[in-house]
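Step one of this worksheet: look at the structure below.
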Amino acid sequence: MSVPLLNASGCLDALMAPEVARQLDAFVTKTVTPLPREGNPPPRITETDSGMLNSIGLQNPGIEAFLAEVVPRLRELGIPIWVSVGGFSAADYAVVCERLDEEDAVVTIELNLSCPNVEEAPETAAELVTAARAATRKTLYAKLSPATWDVAESARAVAAAGADGLSLINTIRGLAIDPATGRPKLALGPGGYSGPALRPIALACVHACSAAVDLPIVGMGGITTGRDVHDFVAAGASAVALGTILFAD
């Protein structure tokens, strides 16, 4: 069985490595917000014994510069483009989705509803999906956090709000301590953890959500081998997003 392969948002710069991006079935951009963001202060990436912590903070040029400067270059890749959308309120999500609605190079919008490195919007995930759904006709995937007691209930809520698919999962909050100083290694303290130890958590979320809703699921988290891809499909994913870029026959 052929499994569609994507990159996890933020793990590949297609403009720096177009030859890699063209091997994917679709390219997912870094998260775009209404206004430009410089991101969090450094250091904002550190390794751990079994993975990595990042606290990038949604650094991006903002939707207007993204549409004017980035999308025309992404169009040249010749593959479907998914745009990750973020914000700090339902209005933020609606603004970006509305601006993307008329961009024919963008086939899918992935709603980043669960970034652990920035302040969350006050609305629920379902309310954010509702706002986005009202602003665009494009396919909407809701990217959910594993840091919830019942991810299946979250899946049912965003499905009812108009999500066309799920992206599972985002990173989970973690902390690394510098043994020399006794202080956190990242400037802001915690960051989003990714790596092999995230895989069982992601598989459990995919398995639970695939039983709860009849939506396509992109699975991601800790994938490093072809066997990992197989496991995500077995758990219920219909496509796989790769952080460490992997190509499996």
Side-chain angles (χ1 to χ4, degrees), residues 7-18 20-21 27-48 51-75 77 81-100 103 105-106 109-123 125 128 131-132 135 141-143 145 147 167 169-178 181 183-195 220 241 243-245:
N7 62 291
S9 174
C11 294
L12 173 66
D13 185 340
L15 301 183
M16 293 293 292
V20 175
F27 171 70
V28 186
T29 70
K30 281 178 57 64
T31 297
V32 180
T33 55
L35 299 176
R37 286 182 56 84
E38 294 185 358
N40 292 333
R44 53 189 189 179
I45 295 179
T46 187
E47 293 185 2
T48 73
M52 184 184 79
L53 289 170
N54 90 84
S55 180
I56 303 302
L58 302 184
Q59 178 181 346
N60 76 97
I63 184 59
E64 298 306 327
F66 177 78
L67 288 171
E69 301 168 13
V70 179
V71 169
R73 298 176 65 191
L74 292 177
R75 189 192 300 270
L77 293 173
I81 303 301
W82 291 32
V83 176
S84 175
V85 169
F88 303 92
S89 67
D92 282 353
Y93 283 86
V95 164
V96 179
C97 287
E98 184 176 21
R99 293 292 289 115
L100 291 170
E103 178 49 66
V106 176
I109 295 172
E110 182 180 83
L111 301 174
N112 185 353
L113 306 176
S114 50
C115 179
N117 301 318
V118 296
E119 183 179 348
E120 294 184 352
E123 295 89 352
L128 297 177
Y141 271 63
K143 190 170 188 178
S145 169
S167 291
I169 55 177
N170 212 324
T171 55
I172 192 166
R173 189 166 294 169
L175 183 73
I177 299 295
D178 185 337
T181 65
R183 299 180 61 80
K185 289 184 176 181
L186 299 180
L188 294 187
Y193 173 78
S194 59
M220 66 196 79
T244 302
I245 297 299

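Just so you know, residue 1 is the first one in the sequence shown, and it goes up from there.
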Enter the distance from Asp92:CG to Leu35:CG here, rounded to the nearest 0.5 Å. 7.5 Å
Inter-residue atom distance Thr31.OG1 - Gln59.CD, 0.5 Å rounding: 12.0 Å
Heavy atoms only: give me the nearest Met220-Ala241 pair and the separation to one decimal. CB-O, 3.3 Å
Counting neighbours of CZ on Arg73 that are heavy atoms of other residues, nucleotides or ligands and sit closer than 6.0 Å, is the number greater than 12? no
For Pro41 against Ala187, the heavy-atom pair lying closest together: O-CB, 3.5 Å
Electrostatic pair Glu64-Arg99, nearest N-O below 4.0 angstrom: yes
Residues, nucleotides or ligands: over 12 heavy atoms within 6.0 Å of Glu103 CD: yes
Between Phe66 and Val83, is any pair of side-chain heavy atoms under 4.5 Å apart? yes
Apply side chain to side chain contact (heavy atoms under 4.5 Å, CB included) to residues Leu111 and Cys97 and explain how you reach the verdict. CA-CA 9 Å; Leu111 301 174; Cys97 287; 3.9 Å; yes
Can any side-chain N or O of Asn60 pair as donor or acceptor with the backbone N or O of Thr33 at less than 3.5 Å? yes
Quick one: closest heavy-atom pair of Lys143 and Asn112, and the distance? CB-CA, 4.3 Å
Taking the side chain as everything from C-beta on, heavy atoms only, tell me whether Leu15 gets closer than 4.5 Å to Leu77. no
List the atom of Ala125, the atom of Leu113, and the distance in Å for their closest heavy-atom pair. CB-CD1, 3.9 Å
Looking only at non-hydrogen atoms, find the nearest pair between Gly62 and Val32 and report the distance. C-CG1, 4.0 Å
How close do Pro72 and Glu69 get, counting heavy atoms only, and between which atoms? CD-C, 3.9 Å
Are the side chains of Leu53 and Lys185 in touch, meaning some heavy atoms are under 4.5 Å apart? no
To the nearest 0.5 angstrom, please state how far the CG atom of Leu175 sits from the CG atom of Leu188. 11.5 Å
Please round to the nearest 0.5 Å and tell me the distance separating atom CZ of Arg44 and atom OG1 of Thr46. 14.0 Å
Between Arg37 and Gly57, is there a donor-acceptor pair closer than 3.5 Å when you use the side chain of the first and the backbone of the second? yes
Heavy-atom side-chain contact between Ile172 and Tyr193 under 4.5 Å: yes
Using modelled atom types only, decide if a donor and an acceptor are shared between the side chain of Ser55 and the backbone of Gly189 within a distance under 3.5 Å. no
Atom pair SG (Cys115) and CD1 (Ile56), whose distance is rounded to the nearest 0.5 Å: 9.5 Å
Side-chain heavy-atom pair Ser89, Glu123 within 4.5 angstrom cut-off: yes
Rounded to the nearest 0.5 angstrom, the CG-CG distance for Asp13 and Asn7 is 10.0 Å
Let's go through Ile63 and Leu100 carefully: what are the C-alpha distance in whole Å and the side-chain angles of both, what is the deciding distance for side chain to side chain contact (heavy atoms under 4.5 Å, CB included) to 0.1 Å, and is it a yes or a no? CA-CA 9 Å; Ile63 184 59; Leu100 291 170; 4.0 Å; yes
Side chain to side chain, Leu186 and Asn54, heavy atoms closer than 4.5 Å: no
